[in-house]
Amino acid sequence: MKKETIRKIFNFLEKEESREKPFAYKVKINHPFTEDELNFDGDLILNHSAITSLPEGLRVQGDLSLFASAIKTLPEGLYVKGSLYVSHTYIESLTDNLYVGGHLWFKYSNIGEIPKNLYVGGELDIEETPLAKKYTDDEIRRNKNLNNGSFKGNIIR
């Protein structure tokens, strides 16, 4: 289906049936987000998508899954109440002040450093990453960039 056809369908649904365009579509077309739209209530699943970025200030009240997507960077101010899955992506670094209430899984990615003020409430999966090759578990736990030098879950290699 052509992009123009999809745009017409979403515009029709928005106008005639008061249905909002899907979040992933808004990201893809660089739609300007309102403050309310940046507060995503529920899980945001964007696996295998062509999305390369997300809007700054995004707050996901559930899980955020970007598994095997084309995402290249995470936005500043990202807050994920649930788990964050960025395995098999092109992401090379995590944003400072990242909050993940659940698990953070970035196995098979190119992430090699822990960002400043990272909070992870669950497990950290670093399997097959530069980070796993560079640091021991103790070094990761002691890393000064982490909130209070630690996080709650296990490290999975």
Side-chain angles (χ1 to χ4, degrees), residues 1 3 6-7 21-35 37-157:
M1 190 176 295
K3 289 180 184 179
I6 293 171
R7 186 186 64 75
K21 294 175 183 125
F23 185 88
Y25 177 73
K26 289 178 182 180
V27 170
K28 190 167 179 104
I29 64 168
N30 294 319
H31 171 84
F33 287 90
T34 66
E35 193 70 33
E37 289 174 319
L38 288 174
N39 219 348
F40 194 87
D41 190 23
D43 296 335
L44 183 53
I45 311 299
L46 300 169
N47 298 339
H48 302 281
S49 71
I51 291 171
T52 58
S53 65
L54 293 167
E56 285 191 22
L58 178 63
R59 296 177 62 82
V60 179
Q61 299 306 315
D63 294 341
L64 173 56
S65 186
L66 299 160
F67 176 83
S69 70
I71 193 91
K72 294 179 182 172
T73 61
L74 294 176
E76 292 293 321
L78 179 62
Y79 171 95
V80 181
K81 187 173 184 179
S83 295
L84 175 59
Y85 303 98
V86 291
S87 298
H88 298 272
T89 64
Y90 298 103
I91 294 174
E92 294 183 2
S93 63
L94 299 169
T95 184
D96 288 344
N97 305 309
L98 175 62
Y99 178 95
V100 180
H103 307 305
L104 173 55
W105 287 32
F106 56 88
K107 62 184 175 182
Y108 298 100
S109 72
N110 291 318
I111 296 170
E113 295 294 330
I114 298 289
K116 293 178 184 172
N117 301 316
L118 173 66
Y119 176 84
V120 179
E123 296 177 335
L124 183 65
D125 189 339
I126 61 171
E127 202 175 332
E128 295 297 322
T129 64
L131 183 73
K133 294 173 181 126
K134 189 173 183 179
Y135 298 108
T136 67
D137 288 2
D138 286 340
E139 287 173 325
I140 291 170
R141 288 193 180 281
R142 283 194 312 264
N143 191 309
K144 293 177 187 170
N145 292 336
L146 291 170
N147 282 339
N148 302 318
S150 67
F151 52 90
K152 297 183 180 191
N154 295 321
I155 297 172
I156 301 170
R157 292 182 173 267

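If you're wondering where the values come from, they're calculated on a predicted model, not measured in any experiment.
- Using a 4.5 Å cut-off on side-chain heavy atoms (C-beta onward), Gln61 and Tyr79 make contact.
- The backbone N or O of Glu123 sits less than 3.5 Å from a side-chain atom of His103, completing a donor-acceptor pair.
- Of all non-hydrogen atoms in Thr89 and Ala68, the two that sit nearest each other are CG2-N, 4.1 Å.
- A salt bridge links Glu113 with Lys134: at least one charged nitrogen is closer than 4.0 Å to a carboxylate oxygen.
- Considering every non-hydrogen atom in both Pro130 and Gly112, the closest pair reads CB-CA, 3.9 Å.
- Atoms CG and NE2, from Leu66 and His48 in turn, are 11.5 Å apart once rounded to the nearest 0.5 Å.
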Evaluate the salt bridge (Lys or Arg N to Asp or Glu O under 4.0 Å) criterion for residues Arg157 and Asp137: first the C-alpha distance (whole Å), next the side-chain angles of each, then the deciding distance (0.1 Å), finally the verdict. CA-CA 9 Å; Arg157 292 182 173 267; Asp137 288 2; 2.5 Å; yes

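- Looking only at side-chain heavy atoms (C-beta outward), Ile140 and Ile114 come within less than 4.5 Å of each other.
- With contacts defined as side-chain heavy-atom distances shorter than 4.5 Å, the pair Ser65/Asn47 qualifies.
- Taking the six-membered ring where the residue is Trp, Tyr119 and Tyr99 present parallel rings, their angle staying beneath 30° rather than reaching 60°.
- Expressed to the nearest 0.5 Å, how far CG of Leu84 lies from CG of Asp125 amounts to 12.0 Å.
- Between the CG atom of Leu44 and the CG atom of Asp63 there is a distance of 10.0 Å, given to the nearest 0.5 Å.
- Formation of a donor-acceptor pair under 3.5 Å by the Asn117 side chain with backbone atoms of Asp96 is not found in this model.
- The ring of Tyr85 has its center no closer than 6.0 angstrom to the ring center of Phe106.
- To the nearest 0.5 Å, the span separating OG1 on Thr95 from CD on Glu56 amounts to 8.5 Å.
- Closest non-hydrogen pair, Leu58 versus Leu38, comes out as CD1-O, 3.4 Å.
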Set out, in order, the CA-CA distance, both residues' side-chain angles and the distance that settles side chain to side chain contact (heavy atoms under 4.5 Å, CB included) for Tyr108 and Ser87, then state yes or no. CA-CA 6 Å; Tyr108 298 100; Ser87 298; 5.5 Å; no

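- Looking at Ser49 and Phe67, their side chains never come closer than 4.5 Å, going by heavy atoms from C-beta outward.
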Assess whether side chain to side chain contact (heavy atoms under 4.5 Å, CB included) is satisfied between Asn110 and Thr129, documenting all intermediate values. CA-CA 6 Å; Asn110 291 318; Thr129 64; over 6 Å; no

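- When atom types are taken as modelled, the side chain of Arg59 and the backbone of Leu78 share no donor-acceptor pair closer than 3.5 angstrom.
- More than 12 non-hydrogen atoms from other residues, nucleotides or ligands lie less than 6.0 angstrom from NZ of Lys21.
- Within 6.0 Å of CG in Asp41 there are 12 or fewer heavy atoms belonging to other residues, nucleotides or ligands.
- Side-chain atoms of Ile91 and Ser109, non-hydrogen and from C-beta on, never get closer than 4.5 Å to each other.
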What verdict does the side chain to side chain contact (heavy atoms under 4.5 Å, CB included) test give for Leu54 and Leu64, after you've listed the backbone C-alpha separation in whole Å, the side-chain angles of each residue and the deciding distance to 0.1 Å? CA-CA 11 Å; Leu54 293 167; Leu64 173 56; 4.1 Å; yes

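- Between atom CG of residue Asn154 and atom CG of residue Leu124 there is a gap of 10.0 Å, rounded to the nearest 0.5 Å.
- With values rounded to the nearest 0.5 angstrom, Leu104 atom CG is found 6.0 Å from Leu94 atom CG.
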